[in-house]
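Notes for the one structure printed next.
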Amino acid sequence: MEHQLIIKLILLGDSGVGKTSLTKKFALNDFEENSISTIGVDYAKKNIEINGIIIQLNIMDTSGQERYQSISKSVIRNAEGIIFVFDITNEDTFQGIKKWLMTSFDIKENFPKILVGNKLDLEEKRKVDKERANEFSSKENMEYFEASAKNGSNVEIIFKEIARLILANQKKEEENKNFNLNSNKKGKKDKC
Ligand code: GTP
């Protein structure tokens with residue numbers, strides 16, 4: 001299927017939360033128990049359909065390791081949306097989201113972003129309450145989802161949701177541009 005649109009998104013979060021695993025599950029329907037830590041950034045592509053339009057998702061899967069942070073920072077600029085990921089069985093990774101939000105501090109408040117608590121299949125080891133994650137997420141203007149790269153639950157949903165937010169944002173920006181263009185034209189006419 002030939003794509004009609006391309007959108008670019010990035011996954012950010014501490015090392016080991018499952019960014020690569022979510023990406024692989026979504027793009028290749030594959031899961032590895034012993035996934036190797038990402039070096040710098042990896043790229044993946046997948047076509048999806050939203051409202052009858054074929055969209056190619058270009059996914060930037062970054063490393064959560066401290067030493068690659070400058071690479072993550074530099075690729076954030078190319079992204080049109082962010083999926084922040086933590087591991088529901090690891091409190092530190094939830095706290096780490098604040099750091100990742102700061103890493104991307106220069107994004108606008110209404111920039112498309114969502115929060116994902118991964119490893120939902122490990123419910124019995126949960127350390128981060130859903131309510132707490134939801135509360136934090138809405139304070140930061142994000143929707144919150146829980147997913148499992150291992151059993152695939154909600155994986156498709158999170159990528160479709162970020163794509164939907166990016167498309168809505170693009171539409172809004174286009175409308176603003178047209179509005180400003182028309183206002184300028186009108187201003188010039190009034191002067192004449
Ligand atoms: P970095 O590349 O170091 O930033 O890590 P990452 O966030 O990409 O994590 P990765 O996908 O490499 O996963 C780390 C480990 O968690 C691997 O052993 C995965 O198999 C495991 N894992 C990832 N997602 C899940 C999940 O949903 N459930 C379970 N049980 N394990 C998972």
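What you see below is based on every heavy atom in this structure, not just the backbone, and it leaves out hydrogens, waters and symmetry mates. Every number for a ligand or one of its atoms is a count from 1 in the order of the listing.
Numbered from 1 in the order shown, with element, the atoms of ligand 1 that lie under 4.0 Å from a heavy atom of Ser63 read 4 (O). When each atom of ligand 1 is checked for a heavy atom of Ser37 under 4.0 Å away, the hits are 1 (P), 2 (O), 3 (O).
Among protein heavy atoms, atom 14 (C) of ligand 1 sits closest to Gly16 O, 3.5 Å. Residue, atom and distance of the protein heavy atom nearest to atom 21 (C) of ligand 1 are Lys119 NZ, 4.0 Å. Protein heavy atom nearest atom 2 (O) of ligand 1, with residue, atom name and distance: Thr38 N, 2.7 Å. Residue, atom and distance of the protein heavy atom nearest to atom 30 (N) of ligand 1 are Asp121 OD2, 2.9 Å. The protein atom (non-hydrogen) at minimum distance from atom 27 (O) of ligand 1 is Ala149 N, 2.8 Å. Scanning the protein for heavy atoms near atom 17 (C) of ligand 1, the closest one is Glu33 O, 3.6 Å. The protein heavy atom nearest to atom 7 (O) of ligand 1 is Lys19 NZ, 2.8 Å. Atom 20 (O) of ligand 1 has Glu32 O, 2.7 Å as its closest protein atom, hydrogens excluded (heavy atom only).
Residues passing the ring pair (Phe, Tyr, Trp, His ring centres under 6.0 Å) test with Phe26 are Phe159, sequence neighbours excluded. For the salt bridge (Lys or Arg N to Asp or Glu O under 4.0 Å) test, residues two or more places apart in sequence or in another chain that qualify with Glu91 are Arg132.
The one candidate from Val85, Asn90, Val17, Asp87 that meets the side-chain contact (heavy atoms from CB on, under 4.5 Å) condition with Lys119 is Asp87. For the ring pair (Phe, Tyr, Trp, His ring centres under 6.0 Å) test with Phe94, the passing option among Phe84, Tyr144, Phe136 is Phe136; the others fail.
The residues Glu146 and Arg126 are annotated as salt-bridged, a charged nitrogen and a carboxylate oxygen being separated by less than 4.0 angstrom. A salt bridge does not link Glu174 with Lys171: none of the charged nitrogens is closer than 4.0 Å to a carboxylate oxygen. Glu33 and Lys150 are joined by a salt bridge, as a carboxylate oxygen and a charged side-chain nitrogen come within less than 4.0 angstrom of each other. Salt-bridge check for Lys24 with Asp61: failed, with every basic side-chain N at 4.0 Å or more from each acidic carboxylate O. By the 4.0 Å N-to-carboxylate-O rule, Lys172 lies too far from Glu175 to be salt-bridged with it.
Nearest-heavy-atom check against atom 12 (O) of ligand 1 across Ser15, Ser21, Gly64, Ser35 picks out Ser35.
Residue contacts with ligand 1: Val17 is placed with a nitrogen or oxygen under 3.5 Å of a nitrogen or oxygen of the ligand (distance criterion only). Below 3.5 Å of separation, one finds an N or O of Asn118 facing an N or O of ligand 1. Looking at ligand 1, you'll find an N or O of Gly18 within less than 3.5 Å of one of its N or O atoms. Considering backbone and side-chain atoms alike, Thr20 places an N or O below 3.5 Å from some N or O of ligand 1.
Remark: the Ser137 side chain and the Glu143 side chain contain no N/O donor-acceptor pair separated by less than 3.5 Å.
Hydrophobic clustering places Leu5 together with Ile50 (ILVMFWY residues linked when any side-chain heavy atoms are closer than 4.5 Å, directly or through intermediates).
Of all the heavy atoms of Leu122, the ones lying under 4.0 Å from any atom of ligand 1 belong exclusively to the side chain.
Residue contacts with ligand 1 include Asp14, since one of its heavy atoms falls under 4.0 Å from the ligand. At a 4.0 Å cut-off, not a single heavy atom of Gly13 sits close enough to ligand 1 to count as contact.
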